[in-house]
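Let me begin by presenting the structure, written as structure tokens, before commenting on it.
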Amino acid sequence: MFTLGGGYAMIPLIEEEVVNKHKWIGKEEMLDLIAIAQSCPGVFAINISIFVGYKLNKVRGAVATALGTALPSFLIILAIAIFFHQFEDNRVIAAMFKGIRPAVVALIAVPTFNLGRRAELNWFTIWIPIVSALLIWLLGVSPIWIIIAAGIGGYCYGRIAS
């Protein structure tokens, strides 16, 4: 039901429930799931929920977790869409949406920094996310090319390091 900020804002909530509270998967597996969910097409939070649901109860679990993840957000957005046109010119509502923007940035930034810490970034590897972000932001490089390059680089590094 926490739709602000999208899937990345949900990472701490998902992790708290799946890893810490219910212990369905470990922290390392959660980090792997995040990487897999990012590289798969579709909604990030639903991808993670499908993986966890499938692990717990195969296809029935995957369907249940996908619906449980998608339906609350869908219903909230549907309700907003139905009634938004009545409020879109309201200055108070417009100010509320402007006030939400910094909170959404924080909701995305905190999980990003936590992922970086758990991925054990160091002075040797920190350049990878920085250069990737700059390529996307400043030069408009498609994130798909960054993911492909990172996958190839990781594969080559794994072959050389082993």
* T69 side, atom OG1; I50 side, atom CD1 - distance, nearest 0.5 Å -> 8.0 Å
* Asked: Are V104 and V110 joined in one hydrophobic group, where the rule is that I, L, V, M, F, W and Y side chains link up if heavy atoms are under 4.5 Å apart?
  -> no
* To do: Can you see which heavy atom on C40 is nearest to which on F51, and at what distance?
  => SG-CZ, 4.1 Å
* Asked: Would you say I144 and V43 are hydrophobically clustered, going by side-chain heavy atoms of ILVMFWY under 4.5 Å?
  -> no
* Structure fact -> Heavy atoms of T65 and S49 approach each other most closely as OG1-O, 2.7 Å
* Hey, is the main chain of I128 close enough, under 3.5 Å, to the side chain of S132 for a donor-acceptor pair? -> yes
Can you give the donor-acceptor pairs under 3.5 Å from side chains of residues 149-159 to other protein atoms, not counting sequence neighbours?
none

* Should F113 and I11 be regarded as members of a common hydrophobic cluster, given that ILVMFWY residues are connected when their side-chain heavy atoms come within less than 4.5 Å of each other, either directly or indirectly? -> no
* **Approximate separation, where rounding is to 0.5 Å, of S39 OG and I147 CD1** => 6.5 Å
* Is the CG atom of L78 crowded by more than 12 outside heavy atoms at less than 6.0 Å? -> yes
In a table with atom names and distances, give each donor-acceptor pair under 3.5 Å that connects a side chain of residues 23-35 to protein atoms at least two apart or in another chain.
unit_1: K23; atom_1: NZ; unit_2: N20; atom_2: O; d: 3.0
unit_1: E29; atom_1: OE1; unit_2: K55; atom_2: NZ; d: 2.9
unit_1: E29; atom_1: OE2; unit_2: K55; atom_2: NZ; d: 3.3

* In the single-linkage hydrophobic clustering (I, L, V, M, F, W, Y; side-chain heavy atoms under 4.5 Å), do I126 and W137 co-cluster? -> yes
* **Residue list, side-chain contact (heavy atoms from CB on, under 4.5 Å) with V105, at least two apart or on another chain** => none
* Quick one: are I146 and I136 in side-chain contact, heavy atoms under 4.5 Å? -> yes
* Looking at CG of N90 and CZ of F97, how far apart are the two atoms once the value is rounded to the nearest 0.5 Å? -> 10.5 Å
* Asked: Which heavy atom of P41 sits nearest a heavy atom of N47, and at what distance?
  -> O-ND2, 3.5 Å
* Smallest separation among heavy atoms of N122 and F124, with atom names -> OD1-N, 2.8 Å
* Asked: Do I36 and I148 share a hydrophobic cluster (ILVMFWY, side-chain heavy atoms under 4.5 Å, transitive)?
  -> no
* How many angstroms lie between atom CD of E17 and atom NE2 of H22, to the nearest 0.5 angstrom? -> 4.5 Å
